[in-house]
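Excluded from the calculations below are hydrogen atoms, water molecules and symmetry mates; all remaining heavy atoms, backbone and side chain alike, are included.
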Amino acid sequence: SGYSSDKIDEGFQSLFDSLNSIDGVVRVSSGDKYEISFQKGHVFSWDEIIPKAENLIEQHFDHDPLLLINHSYTGE
């Protein structure tokens, strides 16, 4: 019944590895199992990265309906 925490962690590590493989992504992290954050390199545009990241996340969750919220900020 359900997944073991090891399987969940392996699954999220696989997703993080996939997100890290996107050109321009320099860091992927998670605050909990329901939030994924990533940072881009300065020479890249979010317009290049977001569609690729959304596609990977949707594939990871077998195209289940997801709520994807983009919170971006610029900081020096």
Side-chain angles (χ1 to χ4, degrees):
S1 78
Y3 293 100
S4 75
S5 62
D6 290 340
K7 282 189 176 183
I8 291 172
D9 290 343
E10 286 175 19
F12 272 89
Q13 185 61 51
S14 171
L15 175 59
F16 287 5
D17 291 344
S18 295
L19 290 168
N20 264 320
S21 73
I22 297 172
D23 286 340
V25 172
V26 296
R27 182 175 176 222
V28 178
S29 60
S30 174
D32 59 35
K33 296 286 188 219
Y34 301 103
E35 177 183 276
I36 299 169
S37 300
F38 48 99
Q39 293 176 305
K40 68 171 184 64
H42 291 289
V43 298
F44 290 88
S45 163
W46 284 118
D47 292 336
E48 301 172 73
I49 295 171
I50 294 294
K52 294 173 186 175
E54 287 176 345
N55 186 42
L56 285 172
I57 293 167
E58 288 173 357
Q59 286 178 8
H60 180 81
F61 290 102
D62 296 322
H63 303 281
D64 285 342
L66 299 173
L67 175 60
L68 301 175
I69 300 171
N70 177 5
H71 292 284
S72 11
Y73 66 93
T74 56
E76 298 299 322

Notebook entry, point to check: Between F38 and I49, is any pair of side-chain heavy atoms under 4.5 Å apart?
Noted result: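 Result yes, sub-4.5 Å side-chain heavy-atom pair found.
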
Margin query: Hydrophobic clusters here meaning ILVMFWY residues chained together by side-chain heavy-atom distances under 4.5 Å, can you tell me if V26 and L19 are in one?
Written below: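 No; L19 is not reachable from V26 via cluster members.
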
Margin query: Working note: W46 + K40, criterion side chain to side chain contact (heavy atoms under 4.5 Å, CB included); need CA distance, chi angles, decisive distance, verdict.
Written below: CA-CA 8 Å; W46 284 118; K40 68 171 184 64; 3.4 Å; yes

Note to self: Tell me the closest heavy-atom pair linking L15 and L56, and the distance in Å.
What the structure shows: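 So the minimum-distance heavy-atom pair works out to CD1-O, 4.1 Å.
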
Checklist line | S29 side, atom OG; Q39 side, atom CD - distance, nearest 0.5 Å | finding: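 Reported to 0.5 Å precision, the distance equals 7.0 Å.
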
Checklist line | Separation between OG of S18 and NE2 of H60, rounded to the nearest 0.5 Å | finding: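 The NE2 atom of H60 is 8.5 Å from OG of S18, to the nearest 0.5 Å.
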
Notebook entry, point to check: So among I22, I57, V25, which one has a side chain to side chain contact (heavy atoms under 4.5 Å, CB included) with K52?
Noted result: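 So, applying the side chain to side chain contact (heavy atoms under 4.5 Å, CB included) to K52 and each of I22, I57, V25, only I22 qualifies.
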
Note to self: Closer than 3.5 angstrom, by distance alone: can the side chain of E48 be matched with the main-chain N or O of S45 as a donor-acceptor pair?
What the structure shows: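 Present.
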
Notebook entry, point to check: Between F16 and I36, is a side chain to side chain contact (heavy atoms under 4.5 Å, CB included) present by the stated rule, with each step listed?
Noted result: CA-CA 9 Å; F16 287 5; I36 299 169; 4.0 Å; yes

